[in-house]
Amino acid sequence: MTTVRIPAGWPATEEQARAVQDELRARVVLDEPGPAPGTGYITGVDVAYDDERDVVAAAAVVLDAASLEVVAEATAVGRVSFPYVPGLLAFREIPTVLAALDALSRPPGLVVCDGYGLAHPRRFGLASHLGVLTGLPVIGVAKNPFTFTYDEPGTRRGSSSPLLAGEEEVGRALRTRDDVKPVFVSVGHRATLDNACAHVLALTPAYRLPETTRRADSLCRRALQEATSQEAASPEATTRHSPTSR
DNA sequence: GCGACAG
DNA sequence: ATCTTGTCGC
């Protein structure tokens with residue numbers, strides 16, 4: 001497990017954060033198809049918080065796309081780098097997520113994160129931001145439609161309908177299980193929406209949410225537990241470097 | 001101005 | 001996201 005600090009120059013205000021989004025948005029690549037579904041490796045990333053203790057834990061779990069077996073995983077712990085503000089989620093998650101990705105023993109391949117990419121007030125959600133900073137193909141899978149609208153897709157797994165910002169299709173409501181609430185898929189970086197949806201279906205053989213996010217979710221929760229129980233036992237140990245790491 | 005709003 | 005036990009249903 002690696003420890004992260006908030007990067008120097010990290011936005012401190014909402015205004016600064018929005019300015020960063022407006023600048024980085026130009027670097028998003030949307031004309032690449034992305035990796036073929038069912039091949040190579042796919043990495044799920046997720047984050048858990050303890051706002052009381054100001055601690056955040058991130059996990060990255062690499063799955064073999066064909067077998068969905070875990071082939072690598074890593075975690076990172078840090079301080080919360082931004083409050084939760086709708087539209088600025090990335091500033092809360094990215095430093096720790098980047099550290100977890102860096103700690104992986106093999107290349108991540110396609111990254112699947114919680115939340116949105118293009119489906120964002122300024123078309124630059126977490127998945128896009130993560131993609132631009134890493135250069136990796138990234139897609140976003142969210143559990144809620146955020147501020148967007150959609151018509152209910154068909155009741156069977158695989159049915160989908162456009163996720164709309166007015167007339168613009170910014171993502172898709174995708175049914176991953178019969179008669180269960182859809183997930184909301186959007187492109188982050190270097191992938192197409194059709195391809196992203198195909199990946200999500202390949203990642204959901206049994207549950208509503210992709211195996212990538214399920215694995216990453218449970219791992220980051222465990223990492224947070226371990227980090228905060230350590231803090232409770234010896235508060236000073238967390239603020240200095242551990243004996244083994246230095 | 002008011003309410004809604006990924007995680 | 002997080003607070004949180006049992007419980008309805010396949």
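A, B, ... follow the sequence lines: proteins, then strands. Residue 1 opens every chain.
Salt-bridge annotation for R18(A) and E15(A): absent, with no side-chain N of the basic residue lying under 4.0 Å from a carboxylate O of the acidic one. Salt bridge annotation for R222(A)-E226(A): absent, with no cationic side-chain nitrogen under 4.0 angstrom from a carboxylate oxygen.
Residues satisfying the ring pair (Phe, Tyr, Trp, His ring centres under 6.0 Å) criterion with Y49(A), sequence neighbours excluded, are absent altogether. Every residue meeting the salt bridge (charged side-chain N to carboxylate O under 4.0 Å, His left out) condition with K143(A), not counting sequence neighbours, appears here in chain and number order: D114(A). Listed by chain and residue number, F148(A) satisfy the ring pair (Phe, Tyr, Trp, His ring centres under 6.0 Å) test with F146(A) (two or more places apart in sequence, or in another chain). With sequence neighbours left out, the salt bridge (charged side-chain N to carboxylate O under 4.0 Å, His left out) criterion links D194(A) to R172(A). Scanning for side chain to side chain contact (heavy atoms under 4.5 Å, CB included) contacts around S128(A) gives V28(A), F124(A), with sequence neighbours left out. The salt bridge (charged side-chain N to carboxylate O under 4.0 Å, His left out) test applied to R122(A) returns no partner, not counting sequence neighbours.
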The dot-bracket string of DNA chain C, counting Watson-Crick and G-U wobble pairs with both distances under 3.5 Å, using [ ] for crossing pairs and | for pairs to another strand, is ..........
Scoring nucleotides 2-7 of chain B by protein non-hydrogen atoms under 4.0 Å (B base, S sugar-phosphate only, - none) yields ---BBB
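Residue V29(A) shares its hydrophobic cluster (ILVMFWY side chains chained together at separations under 4.5 Å) with no other residue.
Note that the first and last nucleotides of DNA chain C, 5' to 3', having any atom under 4.0 angstrom from a heavy atom of chain A are dA1(C) to dT2(C).
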Please tabulate, one pair per line, all N/O donor-acceptor pairs under 3.5 Å involving side-chain atoms of residues 30-43 of chain A, not counting sequence neighbours.
unit_1, atom_1, unit_2, atom_2, d
E32(A), OE1, R190(A), NE, 2.9
E32(A), OE1, R190(A), NH2, 3.3
T39(A), OG1, A36(A), O, 2.7
Y41(A), OH, R106(A), NH1, 3.4
T43(A), OG1, P108(A), O, 2.8

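Between Y150(A) and F184(A), the ring planes lie perpendicular to each other; the angle is over 60°, past the 30° to 60° tilted range.
Consecutive pairing runs in DNA chain B never reach the stem threshold, where a stem means at least three Watson-Crick or G-U wobble pairs with distances under 3.5 Å.
In this structure, NE2 in H129(A) is found 10.0 Å from NE2 in H120(A), a value given to the nearest 0.5 Å.
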